[in-house]
Number of protein chains: 2
Amino acid sequence: MKSATQPPQPPTQTRRERLRAETSAEIKAVALRLMADGGPDAISLRAIAREMGMTAGAIYGYFDTRDALVTALIVDVYSELLAAVEGARDRLPADDVAGRIVAWGVTLRAWAIANPEGFRLIYGDSLRGYEPPLQEAVTASEKRACEGLTALIAEAWPSAANRYCDEVYAWADFDEALVEKVRTAHPDLPPAGAAVAMRVWGRMYGLVALEVFGRLSPLAHDPARLYEDELKALVRDLGLTPA
Amino acid sequence: MKSATQPPQPPTQTRRERLRAETSAEIKAVALRLMADGGPDAISLRAIAREMGMTAGAIYGYFDTRDALVTALIVDVYSELLAAVEGARDRLPADDVAGRIVAWGVTLRAWAIANPEGFRLIYGDSLRGYEPPLQEAVTASEKRACEGLTALIAEAWPSAANRYCDEVYAWADFDEALVEKVRTAHPDLPPAGAAVAMRVWGRMYGLVALEVFGRLSPLAHDPARLYEDELKALVRDLGLTPA
DNA sequence: TTGATTTACTACACGGCGTTTAGTGAGTGC
DNA sequence: GCACTCACTAAACGCCGTGTAGTAAATCAA
């Protein structure tokens, strides 16, 4: 994973710290591998330790608890997913708003189908009695996703605005930090735009989650088709013309 | 629960069978109670047995495995949910199609918010390595949900059809049993109608699931509002005029 | 009524889990 | 060279699902 390329660096990191970071990374890597075959529940401290030739207790030197490890994994996997969708969006020209929205959506599904266990890790509520704290770090990823979609909605707003003119929201209806970022990035977008972004998010998430959780495939044999048509309808509903 | 009112009945059920059925029902009831506080993972055979003054092994006389019990719970809870949404739909006159669709959606969310653990049980992929078989009985509930929504789409089809005229589907794209029921109930509905029904399902599910899984509330303070506006947009997108 | 049989259940064991605690040996810093 | 920190092991605790052997009571047949 980590290529060995910073030897002349002054010891901003001691040898101990480096070894420590490497072990920590290996724990996460093994955990992800175990999850890939066997589902999120296959992430057990004992199994990871076994795989690494350690005892389970040793992991407590790196993560306070199993849930802390899972949280770290979620953060990592989530940022992979975000990089994928953001990349797909940014690969299209800024004036092709419809294309960018569809690209985001298509990439979301493609990633989810390719990494179903990762998707479950992030969005399935799995993992024992997890979620109560729902770490700040996870919420940060959530915000980043929301910002990305909001940016797209802001681009689409000129054509979409008149469809949502009767929906009056206040900025106070949304998370403060998120609002601040959105308002500086898109000063002309009204609160209703943020609301639309979250609704679009739900609309994309719905079909993808149903499919990954196995709730769609027994009924419809071509969920990809279903999803793509939904995306087309989505951009149409935003006043854009799909490609 | 079960009132004691069928004494003159001939022993279509022996005393043994009755006791057996009662114990089975108690197991499920206790399991649901444990789940209500403590989440789906709190359903442990040992905890149930403890609560009932039995040993864990005794439960194997009633359910082959923990997953079998969970499946039975899912079926029960799912049919509760379905009864709720179908009831809400049928409480409105047949000609108020928009109202019936919104009622279905609103009731879905209301039920989910009132029974978050039940919703997780059904739709969260939780529960250890569950899901592989995804019992026939569960899929049956899925179909019933889909049929219900398809009925609504069929009612809306006169006004919605022209919006989906370019989407050509075949009945072969869908589950055979589902298709048969839909076609006899709504002979004029084309396959694209079934596709729209599933997409509507995904659209409703998306926001509700995000909220129940705690992924929406940190960002938006009024998810109900968000959801209701989405439902309004949904019926509008079907060519209907919301109330 | 009595004897055979079915049934519901207990007791116990196995292996796996997360987590804690006490102890050990090698690497680090003065 | 010495004190010390740190990564780790070993063993235990109390959970869990699951299988097996045994028991006592309910049921049925004569």
Side-chain angles (χ1 to χ4, degrees), chain A residues 10-28 30-31 34-35 37-74 121 126-133, chain B residues 10-28 30-31 34-35 37-74 121 126-133:
Chain A
T12 169
Q13 225 191 187
T14 72
R15 168 184 159 75
R16 261 209 151 101
E17 284 169 338
R18 182 164 39 82
L19 287 177
R20 198 179 159 71
E22 273 167 17
T23 304
S24 180
E26 188 185 351
I27 292 173
K28 292 200 281 185
V30 171
L34 288 173
M35 182 187 71
D37 38 60
D41 302 290
I43 304 175
S44 87
L45 298 187
R46 292 187 125 103
I48 294 168
R50 220 177 293 130
E51 199 106 344
M52 293 176 66
M54 297 198 322
T55 45
I59 298 182
Y60 284 83
Y62 298 87
F63 298 93
D64 283 346
T65 183
R66 194 194 92 121
D67 276 7
L69 168 58
V70 168
T71 301
L73 293 177
I74 291 180
L121 180 68
S126 1
L127 283 316
R128 300 195 335 176
Y130 191 75
E131 61 99 33
Chain B
T12 169
Q13 226 191 182
T14 70
R15 168 184 158 73
R16 263 211 148 101
E17 284 169 337
R18 182 165 39 81
L19 286 178
R20 198 179 161 71
E22 274 168 16
T23 305
S24 180
E26 188 185 351
I27 291 172
K28 293 201 281 185
V30 171
L34 288 174
M35 184 187 70
D37 39 61
D41 300 289
I43 304 176
S44 89
L45 299 187
R46 292 188 124 103
I48 295 169
R50 219 178 294 130
E51 199 105 344
M52 293 177 65
M54 297 198 321
T55 47
I59 298 182
Y60 284 85
Y62 297 87
F63 298 93
D64 283 346
T65 183
R66 194 194 92 119
D67 277 5
L69 167 59
V70 168
T71 301
L73 293 177
I74 290 180
L121 180 69
S126 357
L127 283 317
R128 300 195 334 171
Y130 191 75
E131 62 99 32

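Remember, it's a predicted structure, so these values are computed and weren't measured experimentally. In what follows, every chain begins at residue 1, and chains take the letters A, B, ... in the order their sequences are listed.
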Practice prompt. Can you see which heavy atom on B:A56 is nearest to which on B:R46, and at what distance?
Written response: CB-CG, 3.8 Å
Worksheet item: Which heavy-atom pair separates B:L121 from B:P40 by the least distance, and what is that distance?
Response: N-CG, 4.3 Å
Worksheet item: Does B:K28 reach the side chain of B:F63, with side-chain heavy atoms less than 4.5 Å apart?
Response: yes
Worksheet item: Side chains of B:L69 and B:I48: does their closest heavy-atom pair fall under 4.5 Å?
Response: yes
Worksheet entry | Upstream residue (5' side of DNA chain D) when A:G57 and B:L45 are each assigned their closest nucleotide | A:G57
Worksheet item: Start at the 5' end of DNA chain D and walk down; is the nucleotide closest to A:M54 or to B:A47 reached first?
Response: A:M54
Discussion item. Taking any heavy-atom pair under 4.0 Å as a contact, classify A:S44: base, sugar-phosphate, or nothing.
Written reply: sugar-phosphate
Establish, with yes or no, whether the OP1 or OP2 oxygen of [N] is under 4.0 angstrom from a side-chain nitrogen or oxygen of [X].
X     : N      : answer
B:T65 : D:dT18 : yes
B:Y62 : C:dC9  : yes
A:R50 : C:dC17 : yes

Can you tell me the distance, in whole Å, between the [atom1] atom of [X] and the [atom2] atom of [N]?
X     : N      : atom1 : atom2 : result
A:R46 : C:dT19 : CZ    : P     : 11 Å
A:M52 : D:dT9  : CE    : P     : 10 Å
A:L34 : C:dG16 : CG    : P     : 15 Å
B:I59 : D:dG19 : CD1   : C1'   : 15 Å
B:I48 : C:dC9  : CD1   : P     : 14 Å
B:E22 : C:dA8  : CD    : P     : 13 Å
A:L69 : C:dC17 : CG    : P     : 14 Å
A:F63 : C:dG18 : CZ    : C1'   : 16 Å

Among the nucleotides [options], which one has an atom lying closest to any side-chain atom of [X]?
X     : options                : result
A:A56 : C:dT19, C:dT10, D:dA10 : C:dT19
A:Y60 : C:dT20, C:dC17, D:dT18 : C:dT20
A:R20 : D:dA7, C:dA8, D:dT9    : D:dA7
A:A58 : C:dG18, D:dT9, C:dT10  : D:dT9

Fill in: Set of salt bridge (Lys or Arg N to Asp or Glu O under 4.0 Å) partners for A:E26, sequence neighbours left out
none
